[in-house]
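All remarks here apply to the structure that follows.
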Amino acid sequence: MGFQEVIQKGITSAIKSTGIAVDGPEVILEKPRMKEHGDICTPVALTLAKALKKNPIGIAEQIAESANFPPDTIASVEVVKPGFINMRLAHGVLVENIREVHRLGDDYGRSGLGNGEKCQVEYVSANPTGPLVVVSARAAAVGSAIVNLLRAVGFDAEGEYYVNDFGNQIEALGKSLRFRVKERFGRLDNGEEIGAYPGDYLKTIAGRISEDLVTEWERENSVARYAEHAANELLRSIKADLELYGVHFDNFFRESSLHPALVEKARTLVDDKGYSYLHDGALHFRTTDFGDEKDRVLVKSDGNPTYFLADIAYHMTKLERGYTRVIDLLGPDHHGHIPRMQAAAKVLGAPDNWFEAIVVGWVRLMEGNKPISMSKRAGEFITMRELINDVGPDVAKYFFLMRRTNAPLDFDLELARKQSDENPVYYVQYAHARIASVTRFAAERGAARLGQKANLSVISSPEERDLMVHLIYYPYVVEGAALSREPHRLTVYAKELASLFHQFYHQHRIVTGDQDLSSARLALAEATMQVVRNTLSLLGVNAPRSM
RNA sequence: GCGCCCAUAGCUCAAUUGGAUAGAGCGUUUGGCUACGGACCAAAAGGUUGGGGGUUCGAGUCCUCCUGGGCGCACCA
């Protein structure tokens with residue numbers, strides 16, 4: 001049981017034992033914004049005052065007086081102004097937490113909250129019609145961080161990439177590749193145009209196709225060969241880019257594998273539930289019954305299934321595969337899909353809240369304060385690979401994870417390139433490297449082993465205490481970030497942790513002639529290093545021991 | 001026109017999901033190492049949270065209207 005649960009229990013039973021309320025509200029604990037307000041506080045008396053129409057201060061005082069906590073957890077309880085109960089943690093609980101960090105190591109911050117529940121995060125899922133661009137880089141960073149977070153709190157989470165290797169866009173891709181191939185061998189017809197995908201990358205792919213193969217494909221007179229080849233080549237390079245970025249998917253699911261059987265099955269399912277109807281020769285899904293603004297087409301009047309129907313089939317497989325919850329990361333231009341997918345989930349028989357959509361906000365690349373213009377149509381855009389080559393995977397990921405996921409993001413390349421104190425990534429990594437360096441120094445002095453058995457009661461300065469308080473909150477930050485799917489909380493936490501360490505380091509020398517003090521401070525520094533590493537690991541960012 | 005998202009210090013962003021005096025970094029000004037990493041630390045200045053109204057003990061956060069920006073509103077994916 002964590003320290004918060006212990007406090008919660010103490011307050012809850014105080015509310016009951018004093019007879020303030022038989023069935024009190026959930027005791028919400030918060031970290032006060034200001035240090036003067038203690039280490040932890042609760043506004044529960046304010047909530048109670050509202051319900052009971054009594055004076056909140058009085059209630060708070062009653063709770064404060066009768067609350068019992070295990071020894072060495074709470075040092076002081078104070079009731080202030082409107083009715084807050086502010087508490088100060090005892091040194092013992094902070095010390096015990098440092099030992100906990102050492103004991104658990106990489107597992108500190110992990111929990112079994114999710115009970116091994118099987119869930120899935122689908123992200124990136126960009127069409128294999130070109131290289132990944134920067135918005136996909138953001139989705140990749142966010143998606144993989146969410147998977148890491150869910151695993152950390154005990155969910156059996158998987159990351160999946162849905163490959164749209166079917167349909168009109170792929171056919172258009174085939175045509176464009178065919179153009180590049182004919183261009184290369186000088187076989188272009190008069191007035192022939194490249195079509196939808198004019199980017200140079202198809203030239204590269206065309207350049208690797210042998211003339212024999214081309215002759216064979218031309219004999220079949222089918223763009224399908226070109227399309228299949230292009231999609232496979234592009235998917236291969238997308239996978240390579242993701243590998244370079246350090247983002248690993250558990251599965252790549254191809255849309256083509258849904259056709260035709262599963263797509264047909266999905267259509268039948270909607271039919272059988274009575275939500276489909278024919279209109280103008282096309283089969284429609286009455287998604288308006290579930291709050292969508294208009295009904296959506298499932299089968300076009302030419303007999304071909306829409307993307308939406310395939311997507312229903314895809315989510316049908318997710319349900320069949322036993323995920324109790326699926327989280328889809330959607331591009332900023334796809335937020336309109338949410339209502340129809342919710343409708344689909346209902347008709348598929350999924351439980352409430354089974355389908356969850358997160359919209360990843362736009363990314364605007366900046367060079368200082370000058371936006372970089374990009375046009376996908378003209379084939380001019382900065383790819384994810386170019387971004388990684390420019391600033392490195394760690395910086396790229398960290399920048400994407402600093403902002404709330406659904407908010408638009410300005411990515412300043414000029415700042416990202418800087419290896420200096422202006423760059424927030426290095427600030428955090430520097431703290432880790434600095435501690436690693438100190439431990440090396442301590443080892444030379446033979447002080448390293450002392451850290452393990454340190455008597456932490458000898459440290460008591462404000463800087464040390466602030467650091468310990470921040471460390472004790474880490475598991476709750478992980479939990480909150482996971483449950484709210486907000487990985488950016490981790491970057492905020494990491495920055496604060498690094499800052500508190502730097503303050504401590506600046507104020508106190510760790511390795512001194514005083515062995516007791518040295519080993520105690522070393523134990524604290526090493527615990528900090530461990531938590532920095534755990535945090536960065538969830539973000540998918542390296543924690544270098546030197547830089 | 002309808003719907004969704006965004007708007008917080010000069011810039012980039014936080015704000016424990018309705019809590020206390022809205023906080024950091026960068027930039028600006030000023031100061032700080034003869035010992036463990038100066039990619040660091042400290043101090044100052046910087047705000048009508050886009051605007052009006054409402055809900056209540058309490059609003060950046062919730063409801064409403066308005067302004068400005070982005071994106072959707074295909075028998076495309």
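Chain letters run A, B, ... following the sequence lines, proteins first and then strands; every chain starts at 1.
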Would you say [N] has OP1 or OP2 under 4.0 Å from some side-chain N or O of [X]?
| X | N | result |
| --- | --- | --- |
| A:K35 | B:A20 | no |
| A:Y427 | B:C41 | yes |
| A:Q503 | B:A42 | yes |
| A:S437 | B:G37 | yes |
| A:K294 | B:C2 | no |
| A:N423 | B:C26 | no |
| A:N168 | B:C76 | no |

Check whether any side-chain heavy atom of A:V299 lies under 4.5 Å from a side-chain heavy atom of A:T306, and answer yes or no.
no
Nucleotide forming a Watson-Crick or wobble pair with [N], both distances under 3.5 Å:
| N | result |
| --- | --- |
| B:C2 | B:G72 |
| B:G10 | B:C26 |
| B:U49 | none |
| B:A35 | none |

Between A:F441 and A:P424, just flag the one whose closest nucleotide in RNA chain B comes earlier from the 5' side.
A:P424
Select from A:R296 and A:F308 the residue whose nearest nucleotide in RNA chain B is closer to the 5' end of that strand.
A:R296
Of the nucleotides [options], which one has an atom closest to the side chain of [X]?
| X | options | value |
| --- | --- | --- |
| A:N406 | B:A74, B:C6, B:A20 | B:C6 |
| A:A282 | B:C75, B:G38, B:U16 | B:C75 |
| A:F84 | B:A77, B:A15, B:A20 | B:A20 |
| A:R404 | B:A15, B:A20, B:C36 | B:A15 |
| A:R33 | B:G72, B:C41, B:A15 | B:A15 |
| A:R403 | B:C13, B:C40, B:C57 | B:C13 |
| A:R509 | B:C36, B:U21, B:C40 | B:C36 |

Working to the nearest 0.5 angstrom, can you tell me the gap between A:H37 NE2 and A:E78 CD?
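Result: 8.5 Å between the selected atoms.
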For B:A14, is there a stacking contact with A:H488, counting only centres under 5.5 Å and planes under 30°?
no
Compare the ring of A:Y430 with the six-membered ring in the base of B:C40 and state whether they stack (centres under 5.5 Å, planes under 30°).
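By the stated criterion, A:Y430 and B:C40 do not stack.
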Is [X] touching bases, backbone alone, or none of the nucleic acid, heavy atoms closer than 4.0 Å?
| X | result |
| --- | --- |
| A:L409 | sugar-phosphate |
| A:Y505 | base |
| A:D280 | base |
| A:T512 | nothing |
| A:V299 | nothing |
| A:H502 | sugar-phosphate |
| A:P43 | base |
| A:Q4 | nothing |
| A:A310 | nothing |

We want to know whether A:Q169 and A:Y197 form a side-chain donor-acceptor pair, criterion being a heavy-atom distance below 3.5 angstrom.
yes
Whole-Å distance between B:A24 P and A:M34 CE?
11 Å
Return the value, rounded to whole Å, for the distance between atom NE2 of A:H506 and atom P of B:A35.
11 Å
Exactly one of A:Y123, A:Y161, A:Y162 should register a ring pair (Phe, Tyr, Trp, His ring centres under 6.0 Å) with A:F252. Which one does?
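Only match with A:F252 under ring pair (Phe, Tyr, Trp, His ring centres under 6.0 Å): A:Y161.
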Ring pair (Phe, Tyr, Trp, His ring centres under 6.0 Å) partner of A:F411, the single match among A:Y398, A:W362, A:F399
A:F399
Shortest non-hydrogen contact from A:M341 to A:D311?
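Smallest interatomic distance, heavy atoms only, reads SD-OD2, 3.7 Å.
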Ring centroids only, cut at 6.0 angstrom: are A:F166 and A:Y307 within range, meaning strictly under it?
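Centroid separation for A:F166 and A:Y307: 6.0 Å or greater.
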Tell me if the aromatic rings of A:Y493 and A:Y474 count as close, with their centers under 6.0 Å from one another.
yes
Decide yes or no, distance alone: a donor-acceptor N/O pair under 3.5 angstrom between the base of B:A77 and the side-chain of A:D311.
no
Taking atom types as they are modelled, would you say the side chain of A:H337 forms a donor-acceptor pair with the base of B:A77 within the 3.5 Å cutoff?
yes
Parallel, tilted or perpendicular: which describes the rings of A:Y476 and A:Y473, with under 30° parallel and over 60° perpendicular?
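If you compare the ring of A:Y476 with that of A:Y473, the planes turn out perpendicular.
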For A:F501 and A:F504, take the angle between the two ring planes, folded into 0 to 90°, and tell me which bin it lands in: parallel under 30, tilted 30 to 60, perpendicular over 60.
perpendicular
Need the glycosidic conformation of B:U17: syn if within 90° of 0, anti if not. Which one?
syn
Which protein N or O atoms sit under 3.5 Å from an N or O of nucleotides 68-70 of chain B?
from  : atom 1 : to     : atom 2 : distance (Å)
B:G70 : O2'    : A:W362 : NE1    : 3.4

